[in-house]
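Computation of the quantities below employed the complete heavy-atom set of this structure, encompassing side-chain atoms and omitting hydrogens, waters and symmetry-equivalent molecules.
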Amino acid sequence: MSKVFLFVNVDIKDGQRAAFLEKLKAHAKKVVNEPGCEALDIYENSENPNSVCIWEVWSTRADWDLHMTCDNTMAWRPVAAPFVNGETITVMSPA
């Protein structure tokens, strides 16, 4: 099975970036310990204060699928909801 590379762009509500990043960093500490999570990096968009990007690498699609339905992710969704307008997940592959 091949690795899954994800680029996640999060659209944050006005004035909520600092508060969101605090919550996201705490959540990320849990995610990196999930089976198959090889990397998770958080980036602030220097040109858009309402955008945060996340780069993730998962060992397999099954690992990512499990992450998307696990208790940790289910608990994260209501925490993130007050801070974000939405997100776009782009699944990438090596060229």
Side-chain angles (χ1 to χ4, degrees):
M1 303 190 110
S2 61
K3 293 183 184 197
V4 176
F5 302 88
L6 303 172
F7 181 80
V8 183
N9 184 39
V10 184
D11 179 23
I12 303 166
K13 294 178 182 177
D14 286 338
Q16 295 298 313
R17 180 153 92 177
F20 175 71
L21 280 170
E22 180 181 328
K23 303 284 187 187
L24 178 60
K25 288 175 182 178
H27 174 63
K29 288 179 183 178
K30 297 174 186 175
V31 174
V32 297
N33 292 311
E34 291 179 17
C37 183
E38 295 185 15
L40 189 154
D41 297 307
I42 301 168
Y43 299 92
E44 295 182 57
N45 185 328
S46 60
E47 296 179 359
N48 180 351
N50 295 332
S51 177
V52 169
C53 301
I54 306 161
W55 175 253
E56 299 178 40
V57 179
W58 292 87
S59 297
T60 66
R61 177 62 192 241
D63 290 328
W64 178 47
D65 289 344
L66 180 61
H67 159 70
M68 293 301 288
T69 60
C70 75
D71 291 344
N72 184 35
T73 299
M74 294 300 110
W76 165 246
R77 290 181 178 158
V79 171
F83 300 99
V84 302
N85 295 313
E87 68 181 17
T88 303
I89 300 173
T90 304
V91 180
M92 314 282 286
S93 60

Subject >> Any side-chain heavy-atom pair of W64 and I89 under 4.5 Å >> reply: yes

**OP:** Could you grab the distance from atom CH2 of W55 to atom OG1 of T90, nearest 0.5 Å is fine?
**Re:** 10.0 Å

Original post:
Rounded to the nearest 0.5 Å, how far apart are CG of N50 and CG of D11?
Top reply: 6.5 Å

**OP:** Check F83 against I12 and note the closest heavy-atom contact, atom names and distance.
**Re:** O-CG2, 3.3 Å

Do any side-chain atoms of residues 37-47 form donor-acceptor pairs under 3.5 angstrom with protein atoms, and if so which ones, sequence neighbours left out?
from: E38; atom 1: OE1; to: K3; atom 2: NZ; distance (Å): 2.8
from: E38; atom 1: OE2; to: S59; atom 2: OG; distance (Å): 2.7
from: E44; atom 1: OE1; to: R17; atom 2: NE; distance (Å): 3.3
from: E44; atom 1: OE1; to: R17; atom 2: NH2; distance (Å): 3.2
from: N45; atom 1: OD1; to: E47; atom 2: N; distance (Å): 2.8
from: N45; atom 1: OD1; to: N48; atom 2: N; distance (Å): 3.1

Original post:
Is a side-chain donor or acceptor of T88 paired with a backbone partner of N9 at a separation under 3.5 angstrom?
Top reply: no

Original post:
What are the two closest non-hydrogen atoms of R77 and M68, and how far apart are they?
Top reply: NH2-O, 3.1 Å

**OP:** Group every Ile, Leu, Val, Met, Phe, Trp and Tyr by side-chain heavy-atom contacts under 4.5 Å, then state whether F7 and W58 land in the same group.
**Re:** no

Original post:
Can you hop from V31 to L66 via hydrophobic side chains spaced under 4.5 Å?
Top reply: no

**OP:** Quick one: pull up CG in D14 and CG in N85 and give me the separation to the nearest 0.5 Å.
**Re:** 8.0 Å

Original post:
Is there a chain of hydrophobic side chains (I, L, V, M, F, W, Y, each step under 4.5 Å between heavy atoms) that links V8 to V52?
Top reply: yes

**OP:** Evaluate the ring planes of F20 and W76, with Trp represented by its six-membered ring, and classify them as parallel (under 30°), tilted (30 to 60°) or perpendicular (over 60°).
**Re:** tilted

**OP:** Can you see which heavy atom on D63 is nearest to which on G36, and at what distance?
**Re:** OD2-CA, 3.3 Å

Subject >> Side chain proximity check, L6 to V91, heavy atoms < 4.5 angstrom >> reply: yes

Original post:
Transitively linked via ILVMFWY side-chain contacts under 4.5 Å: L21 with V10?
Top reply: yes

